[in-house]
Amino acid sequence: MELFNKIRQTIEQSYPDLKGINIDFQPTPENQTGDFGFPCFVYAKVLKTSPVNIASKLASLSYPDIIEETKTAGPYLNFSLDRNVFATELVSEILSQKELFGSGGEGKGKRVLLEHTSINPNASPHIGRSRNGLIGDTLARLFRFEGYDVNVHYYVNDMGKQIGLLVMQAEDKKDLRFHEVLDLYVEANQRAKDDPDFEAKGFDLLMRMEHGDPEVTKAFGDMVNICLNGQLEVLGRLGLTYDTFDRESTFLHDARMDEAMEVFNKQGALFTDEHGRKVLDLQKLGYCSEEGRYIVLKRANGSTMYMYRDIAYTLEKIERGGDMNLIVLGEDHKMYFEQMETIIRSLGKTPPVAVHYSYILLKEGKMSTRQGNVVLLADFLDEAVQHARAKVEVQWPDMPEDERGEIARIIGIGAVRFAILSVRPNRNVIFDWETALSFTGDSGPYIQYSCTRIASILRKHGSEPETLKSPLTLTHDAEWGLVFRLAAVPQDISSSLKLKNPGILATTALDIARRFSVFYNECPVLSAENEKIRDSRIAICVAARQALMNLLGLLGINAPERM
RNA sequence: GCGCCAAUAGCUCAGUUGGAUAGAGCAACUGCCUUCUAAGCAGUAGGUCGCAGGUUCGAGUCCUGCUUGGCGCGCCA
């Protein structure tokens, strides 16, 4: 904030020794006077005097006009703002910046390549798989919001053992449908476990695919298309979109890998083991840990392992260039990615930056496809939308069916996205139906509801201001509580991007929605005591809605006009 | 066994570089709809921030050890 910089300048002019020391501005607690302040402990260290002494000295400096009063509370220095001036400046800023409010524009002219989701084409995705896509999608929205040119990549694992097994299991099926694949997948895995011949046949199929057998290639391709299209449809319902699809099979025979294998060889890192496999000793490439030291790149039959193709793909992504190369991966891929980093560095390149996230767990324990205790994303979405529909029907009995359906869809999707995104990526999400389908309290619908209430006020008012015609007049703490919170939004968005934590957006949006609710209950807008106060409140409503819409947009959540 | 991540109210989670009395929601209890949508608001109750040490003027936040949970550890992807 400009204001904070001005305060810093004022202090540094009188005390040059304090230059470059970061001040921790924070809102003052309820029992103290003032709007915000900071502790003087760090200054005390530099100036070698007590923080209480410094606070009182700094209090007597002359600050910008917008600061009405300074007051010390022991080692803390607090500032009181001219609330009307502050609110007028902030709200008019929001009204003019509109959908860009909150953006620092730091990414202008920069390119980002972001890979996310990239699930195996097999069955309908369960909710655990969606966390990758949701985090990735939100990061993509964040980067775009900050001005970056973002290209979202999806790596289609269109080959590998699991496709081979699926192809065999589906051999005598005609017109296979996507929803049937889950059962086939479970069956195929069970059969491979029980019958080594079946599994061996799978690897054989894989090898023929690698050697370009047209029949096998077609069978793989057909199966992958059924799965991929089915998965993308479900992911699309959640609002996930991709710019570029890269197919693993196109990295089978890659000139870059011939070069890479030569580099590994020269560094003495590549050897053939007693089974005839091509193995990479990562320790020779600078990998420190003993676990994960060896990695098989090629099977004895000459077919390649996943890592082999992924190295080629990663090199491809690096060659495409950009100022940032990101990938969202589950915590199960942490070691794998460390290995990848070592390999890419040994080839003289900079590896992508990985964003890891933890698993979604069920209250009863882990999800397991085999044991059948999975929550499919499609089911979760159906359930959430259904739940929302029931509420909309009660609320709007006379509304046309398709409009109600659309509102229910927006609310259901919003609830799902919010529930998963609001948890810090490095923590497990504990999923239970009751909490996930709760549309009260800390939830997506609660935020949407605030937007709806604002929309309703503005609808009844008949118009909404494009710009401020006159300065705001605040008469109530609830107005100020809301307005002052809006001022921190740009900082919150920037933190969310820097820490690659979408949860900060969720917390910010909730906080604003809560403050709006307080304001809504305590400050009548349309029936305010006079026109001046009414216009101020209208402006605050417009600004609050803008901030909420921008935050929801980053979270990939829409807000209906009514709900 | 080894490595990485986590542990905050009965439950689900915030707590962004260490700072003022640790915050929400759900569940429980009490109020508030002839007044802009009650998917809401106000209030009560609920905490040795896993345990034990340490660093610091100050620790939920940093360090060490332990406990519990998640994830991983060579022909799966």
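Computed over heavy atoms, backbone and side chain alike; hydrogens, waters and symmetry mates excluded. All chains are named by letter (A, B, ...) in the order of the sequence lines, taking the proteins before the strands, and each is independently numbered beginning at 1.
Comment: K193(A) does not engage E199(A) in a salt bridge, judged by the lack of any side-chain N to carboxylate O separation of less than 4.0 angstrom.
K391(A) comes within 4.0 angstrom of a nucleotide base, judged by non-hydrogen atoms across all strands. Using a 4.0 Å heavy-atom criterion, one finds that I430(A) contacts the sugar-phosphate atoms exclusively. Heavy atoms of V392(A) sit under 4.0 angstrom from at least one base atom. Among the protein residues, T507(A) comes within range of the sugar-phosphate backbone only, with heavy atoms under 4.0 Å from sugar or phosphate atoms but none that close to a base. Looking at heavy-atom distances under 4.0 Å, M159(A) makes contact with sugar-phosphate atoms alone, never a base.
Y449(A) has a side-chain polar atom (N or O) that falls below the 4.0 Å cut-off from OP1 or OP2 of A39(B). Side-chain nitrogen and oxygen atoms of S517(A) include at least one within less than 4.0 Å of the OP1 or OP2 phosphate oxygen of C41(B). Side-chain nitrogen and oxygen atoms of R427(A) include at least one within less than 4.0 Å of the OP1 or OP2 phosphate oxygen of A7(B). Residue K366(A) has a polar side-chain atom (N or O) positioned under 4.0 Å from OP1 or OP2 of C71(B). Taking 4.0 angstrom as the limit, Y520(A) places none of its side-chain polar atoms (N or O) nearer than this to OP1 or OP2 of C33(B).
Classification of the Y336(A)-H333(A) ring pair by plane angle, with boundaries at 30° and 60°, yields perpendicular. Taking the six-membered ring where tryptophan is involved, the planes of W433(A) and F431(A) are perpendicular, since the angle between them exceeds 60° and thus also 30°.
In this structure, G47(B) forms no base pair with any nucleotide, since neither Watson-Crick nor G-U wobble geometry is met with both distances under 3.5 Å.
No close placement of the F439(A) and Y449(A) rings is indicated, their centers lying 6.0 Å or farther apart.
Between A45(B) and A24(B), the two C1' atoms lie 16 Å apart (nearest whole Å).
Going from atom CZ of F41(A) over to atom P of C57(B) covers 12 Å, rounded to whole Å. F38(A) places its CZ atom 15 Å from the P atom of A20(B), with the value rounded to the nearest Å. As rounded to whole Å, 7 Å separates atom P of C71(B) from atom CG of N428(A).
One distance of note links CZ of R191(A) with NZ of K201(A); it measures 7.0 Å at 0.5 Å rounding.
T435(A) contributes no side-chain N or O that forms a donor-acceptor pair with the base of U12(B) under 3.5 Å. Interface remark: the E291(A) side chain does form a donor-acceptor pair with the G72(B) base, using a distance-only criterion of under 3.5 Å.
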